[in-house]
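All values reported here derive from a predicted model rather than from experimental measurement. We number each residue from 1, following the sequence as shown.
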Amino acid sequence: MENPMYNAGNNLEIAVRKANDSNHGCATNIVLNHDFSEGLHLWHPNNCDGFVVSAESAHPEGTSEKLGGNYAVVSNRKECWQGLEQDITARVSPGSTYTVSARVGVSGPLQGSTDVLATLKLENQGSGTSYLFIGRTSVSKEKWEKLEGTFSLPAMPDRVVFYFEGPSPGVDILIESVVITCSSPSECESVSQRCFDAGDENIILNPKFEDGLNNWSGRGCKIVLHDSMADGKIVPLSGKYFATATERTQNWNGIQQEITGKVQRKLAYDVTAVVRIFGNNVTNSDVRVTLWVQTPNLREQYIGVANAQATDKDWVQLQGKFLLNGSPSKVVIYVEGPPSGTDILLNSLIVKHAEKTPPSSLPVIENPAFGVNIIQNSSLGDGTNGWFPLGNCTLSVATGSPHILPPMARESLGPHEPLSGRYILVTNRTQTWMGPAQMITDKLKLFLTYQVSGWVRIGSGASGPQNVNVALGVDSQWVNGGQVEVNGDGWHEIGGSFRIEKQPSKVMVYVQGPSPGVDLMVAGVQIFPVDRQARFRYLRRQTDQNRKRDVILKFSGVDSSTLLGTVVLVKQTQNTFPLGSCVSRTNIDNEDFVDFFTKNFNWAVFGNELKWYWTEPQQGNFNYNDADEMLALCKSHNIQTRGHCIFWEVINTVQSWVQALNKNDLMTAVQNRLTGLLTRYKGKFMHYDVNNEMLHGSFYQDRLGKDIRANMFKTAHQLDPSALLFVNDYHVEDGCDPRSSPEKYIQHILDLQEQGAPVGGIGIQGHIDSPVGPIVCSALDKLGILGLPIWFTELDVSSINEYVRGDDLEVMLREAFAHPAVDGIMLWGFWELFMSRNNSHLVNAEGDINEAGKRYLALRKEWLSHAHGHIDDQGQFQFRGFHGTYTLEIINSSKKVSKTFVVDNGDLPLVVPIDL
C-alpha cells in the first residue's frame with residue numbers, strides 16, 4: 001500500500017488523488033465536501049449547531065429559490081462570529097493567491113438584509129491567533145447570494161481554518177456550496193508535495209501548553225494551566241507548563257482536543273503522552289489515552305490508544321498507536337482514567353503518523369542442542385548439588401519416583417534412558433512459593449522454545465487438591481513453565497513451555513505451589529529446546545494420512561483406446577477445511593482488510609458484535625445493526641459464520657444492568673436473550689458458543705443454579721436446531737492452567753451432557769504462548785475421546801520477532817490440521833491494532849504482510865493438491881489429494897476439456913466418473 005507521510009489536512013488522500021487525477025492543476029477545489037453531499041463531514045459548527053437539509057425540503061423561513069442539491073444550516077448562534085468552519089491547513093501554501101466563491105443565504109428573525117462574511121483563522125503556537133478577512137456579501141431571506149473574495153498567506157501558520165460568520169445572533173446562515181482555488185499549477189503541486197513531506201509534524205495544536213489552554217477543553221470537567229503545583233514540588237518534565245483536568249466526577253472526565261480532519265483513514269498514528277496524577281489520596285492509577293470517533297451516520301466508537309499506571313510522584317510516559325478504518329465526521333483525543341476527585345496532569349501530547357516498523361531479522365541460534373536438558377543434576381545422582389531451597393525450606397533426596405519419562409516429554413524426545421527413580425523431597429515449607437530452585441541464566445538462548453517436563457507429588461496433610469507450578473523468575477518477572485492440580489494419590493506429570501526474547505540478567509527456575517506445611521516431591525525435571533522442524537516432518541505425514549484421500553478419475557464417453565496417454569492436469573482451487581478469522585464492524589470499512597479477509601479465510605467470527613453487552617448495552621436498547629452488516633458481508637462472499645457468544649460466565653464481562661437484576665428478572669432476561677438472538681438469526685450462524693468460559697466464571701450459575709447452563713443449551717437447540725452448540729474455554733491446550741486442563745474440560749462436558757445439554761462441539765480458544773506440539777497434541781488426544789468435533793476458536797500467538805511468531809503459528813496450524821479430531825481453526829484476528837494481544841498480527845496496520853502472515857499464506861498454498869500425468873490403459877488417472885474443490889483439464893491432440901469435481905472426506909478411494 002502507498003504510505004504517504006502525515007500532514008495536518010482533512011482527508012489528504014482524497015484531496016491529493018483528486019489533484020493528481022485532474023489536468024487542470026489549480027482548478028482543483030481545496031474545500032472538501034464542498035456541496036455537503038456527505039452531510040457535514042469535515043465541516044464543524046463553531047460553538048453552535050449545524051445540519052444539512054435537502055434542497056427539496058424547505059428550511060423554516062428559508063430562501064424561496066429552488067436548488068438542485070443539499071445545503072448546510074448553521075443555527076442556534078449566540079454570537080455574530082459563530083458559523084461553519086473547515087480546516088484547510090494542508091491544502092494551502094504561503095505566497096499563493098486563492099480565490100473564494102460561495103453561495104450563501106440566511107434565515108430566521110431578520111428584517112431587511114445582513115452581511116455574511118468569509119474569514120480565515122490563522123493559529124500560531126508562538127504568537128496566538130489572528131484573523132484574515134476574505135470577503136462579504138449582503139443577503140436577505142428571499143434569495144441566495146454569491147460571496148466572493150481572495151486571500152494570500154505571506155507565511156505559513158500552524159493551522160488555517162476557513163469559516164463563515166457575520167449575521168446577528170439568532171439568524172441562521174445557509175450555505176449551498178464553497179469553492180476555493182489557487183492561482184498556478186506549480187503552486188498547487190508544491191502544496192501536495194508539502195503535504196507528503198510533513199510526516200514528522202505533531203498534529204496536536206499547542207501540545208506543551210505554550211499558548212495557554214488554546215485548542216484544549218475539559219471533557220466533563222474543568223482544565224487549569226500551571227507552571228508548578230504543590231508548593232513547587234510538581235514542575236513540568238519538559239517545557240514551561242502543564243495542564244490539569246480537575247473537578248472530575250467520572251473516570252472518563254479529562255482533557256481533550258478535537259483532531260477531526262487531521263487524521264486520515266488507513267494510516268497508523270503513534271501517540272505519546274506525559275502524565276501524572278494528583279489528589280484525593282490516590283497514589284497510583286490507570287491513565288488512558290482514548291479516541292472518541294463519530295461516523296457520518298452518527299455511530300460512536302471509543303478506541304483505547306494507550307494506558308499506563310501513573311503515580312503522584314513522577315511523570316510517566318504513555319505510548320500507543322491507532323488507525324481509523326472508515327472516514328469519521330468527528331474525532332476527539334482525550335486523557336482519562338483515574339477515579340473521580342483525582343486530577344490528571346498532562347505535560348505534553350504528541351500524535352504523529354507512525355513510521356513503518358522495520359521487518360524482523362531471522363534469529364540466528366548457534367548450536368541449539370535440541371532435546372538436551374539444561375537442568376544440572378536432574379537425576380539427583382549427586383545429591384542436591386546444583387539445587388538450592390527457595391526460602392527456609394529443607395531439601396533432601398529420596399527414592400521411589402517413576403522411572404519412565406513423562407508422556408509429553410517422551411513424545412518430543414523419542415527413545416530415552418529411564419529416569420533414576422530419585423526425587424527431591426521438600427519439607428518445612430512455610431510459604432506457597434517455597435521449593436527447589438536452580439539458576440539457569442547462562443544456559444538459555446534467546447528465541448528458542450523450551451519444553452518443561454517433570455513428575456510432582458504432594459505429601460499428606462493437604463486439605464484438598466493443590467496446584468503445583470514450575471516457575472521461572474526472569475529478572476523481576478514471573479514466567480509460567482507449567483501447572484498441574486495434584487491430589488495426594490500419586491505422581492502427576494507436569495509440563496509446559498516458555499521462551500525468552502529479551503536478554504535477562506538472571507533466570508531462576510523453581511517449583512512451587514502447595515499450601516504451607518504440605519510437603520512437595522519433585523522428580524525428573526527437564527528443560528530442553530524443542531526441534532520444531534523435526535516435528536513438522538512428522539506432522540506432514542499425519543496430515544497426508546488424515547486430510548487427504550485417494551482419488552480415481554474414471555473417464556468414459558469416448559473410445560478408451562483414444563484416451564491412453566492423454567494429458568491430465570488436476571488443480572485444487574479450494575480446501576474445504578474451515579480456516580477463519582475474527583473480524584469487527586470497523587474492520588469492514590477498510591477495503592484492504594476486507595480484500596485480505598475474503599481471499600484467505602472461509603469462516604468468520606465476530607469479535608464483540610454478537611455478545612450480549614454489545615447487542616443490549618442498556619436494558620431494552622438493542623443494537624443488531626453491526627452484526628447484520630457483518631453477516632451481509634460474509635454472505636456476499638460465501639463465508640460461514642460462528643456465533644460468539646450467547647452468554648459469558650465471567651462476571652466482569654456482564655453488563656451492569658444484568659448484574660443488578662434479581663433472580664426472577666435475571667431468568668426472564670436470559671430467556672429473552674436466547675429467544676431474541678436465536679430467533680432473529682435462525683439458520684444464519686453454523687455454531688454458537690453458548691456460555692463462554694464456564695471453567696473460569698460462574699455468574700449465571702451462582703445466581704440461577706447449576707441447571708441454568710444445561711438449560712441454555714437445551715433452549716438454544718430448540719430455537720435453532722441447525723446450529724452446533726459449543727463449549728468454549730482457554731488454556732486447555734498448553735498445560736499452564738489447572739482450572740482448564742483437558743481432564744477438567746472433559747468432566748465439565750460430561751456433566752453438561754448428563755443434564756441433557758446437547759453439546760455439539762468443543763471450543764479451544766488457543767490464546768497460547770511458545771507452543772510445543774506434543775503438549776498441544778496430548779490435549780487434543782484426551783479431548784478426542786468424547787467423539788465431538790474440536791475447533792480452535794480464537795487462535796493467536798505472540799512474539800516480538802515475526803519469524804518466531806510465524807513458527808508459533810505454524811506449530812498450531814500444523815498440529816490442528818494434522819489431528820483427526822479437529823474440524824476447524826479460527827484465528828482471533830490478523831490485522832495490527834485490531835488484535836486482543838500485542839505482537840500477534842499477520843498484517844501490519846497499513847496493509848503490509850509480515851513474516852508470520854507469509855507463513856500463513858504458505859501453509860494455505862501447501863494445503864492445496866495439484867497433480868498431472870496421463871490417462872492409463874484402464875481409462876483412469878489416480879492421485880491423492882486434500883479434501884475440497886478441483887478443476888480438471890484433459891488435453892489431447894484434438895481438443896481440451898475442462899471439468900470440476902469435489903473430493904469429500906472418506907476412508908475409501910473416491911471414484912469420480914468423468915463423462916467426456
Side-chain angles (χ1 to χ4, degrees), residues 1-3 266-268 321-323 325 354-363 447 449 499 501 532-533 536 539-540 543 574-575 577-584 586-605 607 633-634 637 639 765-771 773 792-817 824-864:
M1 180 194 295
E2 288 299 315
N3 189 13
K266 303 198 299 184
L267 289 188
K321 194 173 180 180
F322 71 87
L323 176 142
N325 286 303
E355 295 183 4
K356 279 187 178 290
T357 304
S360 304
S361 299
L362 178 66
F447 294 111
T449 301
R499 182 172 55 238
E501 298 194 348
R532 287 173 153 180
Q533 293 304 319
F536 291 165
L539 291 173
R540 286 188 183 96
T543 297
Q574 183 182 26
N575 190 314
F577 184 84
L579 281 173
S581 175
C582 168
V583 296
S584 71
T586 63
N587 292 145
I588 69 175
D589 292 331
N590 185 336
E591 57 272 23
D592 301 320
F593 179 100
V594 172
D595 183 63
F596 188 93
F597 168 62
T598 55
K599 286 179 179 175
N600 296 295
F601 299 97
N602 55 16
W603 277 69
V605 63
L633 174 81
C634 293
H637 291 277
I639 291 174
Q765 290 184 8
H767 303 293
I768 191 168
D769 290 307
S770 34
F792 280 96
T793 55
E794 304 179 19
L795 176 63
D796 57 23
V797 295
S798 177
S799 172
I800 58 174
N801 186 284
E802 295 165 4
Y803 286 90
V804 177
R805 193 186 315 159
D807 288 345
D808 285 354
L809 183 64
E810 185 170 357
V811 167
M812 294 304 297
L813 292 175
R814 286 196 184 278
E815 290 292 342
F817 193 57
I825 305 168
M826 306 293 295
L827 303 188
W828 201 242
F830 57 87
W831 200 279
E832 184 184 13
L833 302 181
F834 298 95
M835 310 281 293
S836 61
R837 300 170 70 194
N838 292 329
N839 302 311
S840 58
H841 55 281
L842 313 186
V843 181
N844 298 337
E846 295 181 359
D848 302 309
I849 301 171
N850 62 30
E851 195 59 41
K854 292 174 184 176
R855 194 77 59 90
Y856 171 78
L857 296 179
L859 283 172
R860 287 191 74 244
K861 186 176 180 180
E862 179 184 320
W863 294 336
L864 293 173

Audit row: Thr586, Phe593, side-chain contact (heavy atoms from CB on, under 4.5 Å) steps and yes/no:
CA-CA 10 Å; Thr586 63; Phe593 179 100; over 6 Å; no
Kindly compute the distance separating [atom1] ([X]) from [atom2] ([Y]), expressed to the nearest 0.5 Å.
| X | Y | atom1 | atom2 | value |
| --- | --- | --- | --- | --- |
| Asp796 | Leu809 | CG | CG | 9.5 Å |
| Leu859 | Arg814 | CG | CZ | 5.0 Å |
| Asn600 | Ser581 | CG | OG | 10.0 Å |
| Asn602 | Asn575 | CG | CG | 8.0 Å |
| Ser836 | His767 | OG | NE2 | 5.5 Å |
| Phe597 | Ile639 | CZ | CD1 | 4.0 Å |

Applying ring-ring contact (aromatic ring centres under 6.0 Å, His included), name anything that partners Tyr856, two or more places apart in sequence or on another chain.
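Result, ring-ring contact (aromatic ring centres under 6.0 Å, His included) vs Tyr856: Phe601.
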Side-chain touch [X]/[Y], heavy atoms, less than 4.5 angstrom:
| X | Y | answer |
| --- | --- | --- |
| Asp769 | Arg499 | no |
| Trp603 | Ile825 | no |
| Leu813 | Phe792 | no |
| Leu323 | Asn325 | yes |

From CA spacing to verdict: side-chain contact (heavy atoms from CB on, under 4.5 Å), Leu842, Leu827
CA-CA 10 Å; Leu842 313 186; Leu827 303 188; 3.8 Å; yes
N/O donor-acceptor pair under 3.5 Å between Asn844 side chain and Glu846 backbone:
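Here the side-chain-to-backbone pair does not exist.
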Of all heavy-atom pairs between [X] and [Y], which one has the smallest distance, and what is that distance?
| X | Y | value |
| --- | --- | --- |
| Met835 | Phe830 | SD-N, 3.1 Å |
| Gly766 | Leu795 | O-CD1, 3.2 Å |
| Cys634 | Ala604 | SG-CB, 3.7 Å |
| Thr449 | Pro771 | CG2-O, 4.1 Å |
| Tyr803 | Ser360 | CE1-O, 3.3 Å |
| Ala852 | His841 | CB-O, 4.3 Å |

Start with the C-alpha distance between Arg837 and Glu794, add both sets of side-chain angles, then the distance that settles salt bridge (Lys or Arg N to Asp or Glu O under 4.0 Å), and finish with yes or no.
CA-CA 11 Å; Arg837 300 170 70 194; Glu794 304 179 19; over 6 Å; no
Going by side-chain contact (heavy atoms from CB on, under 4.5 Å), name the residues that satisfy it together with Thr543, two or more places apart in sequence or in a different chain.
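Thr543 satisfies side-chain contact (heavy atoms from CB on, under 4.5 Å) with Arg547, Phe817, Ala818, Trp863, Phe882 only.
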Test side-chain contact (heavy atoms from CB on, under 4.5 Å) applied to Lys321 - qualifying residues, sequence neighbours left out:
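Scan of Lys321 (side-chain contact (heavy atoms from CB on, under 4.5 Å), adjacent residues dropped) gives Ala268, Asp270, Ala354, Thr357, Glu832, Leu833.
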Side-chain ion pair, Glu501 and Arg805, N-O less than 4.0 Å
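So Glu501 does not pair with Arg805 through a salt bridge.
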Strictly below 4.0 Å, N to O, side chains only: are Arg855 and Asp808 in salt-bridge contact?
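A salt bridge is absent here (no side-chain N lies under 4.0 Å from a carboxylate O).
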Could you go through the side-chain contact (heavy atoms from CB on, under 4.5 Å) check for Asn839 and Ser799 one step at a time?
CA-CA 6 Å; Asn839 302 311; Ser799 172; 5.9 Å; no
Chi angles and distances behind the salt bridge (Lys or Arg N to Asp or Glu O under 4.0 Å) call for Glu802, Lys854
CA-CA 10 Å; Glu802 295 165 4; Lys854 292 174 184 176; over 6 Å; no
Starting from the C-alpha separation in whole Å, work towards a yes-or-no answer on side-chain contact (heavy atoms from CB on, under 4.5 Å) for Arg860 and Lys599.
CA-CA 11 Å; Arg860 287 191 74 244; Lys599 286 179 179 175; over 6 Å; no
Heavy atoms from other residues, nucleotides or ligands near CG of Asp595 exceed 12 (cutoff 6.0 Å):
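Enclosed.
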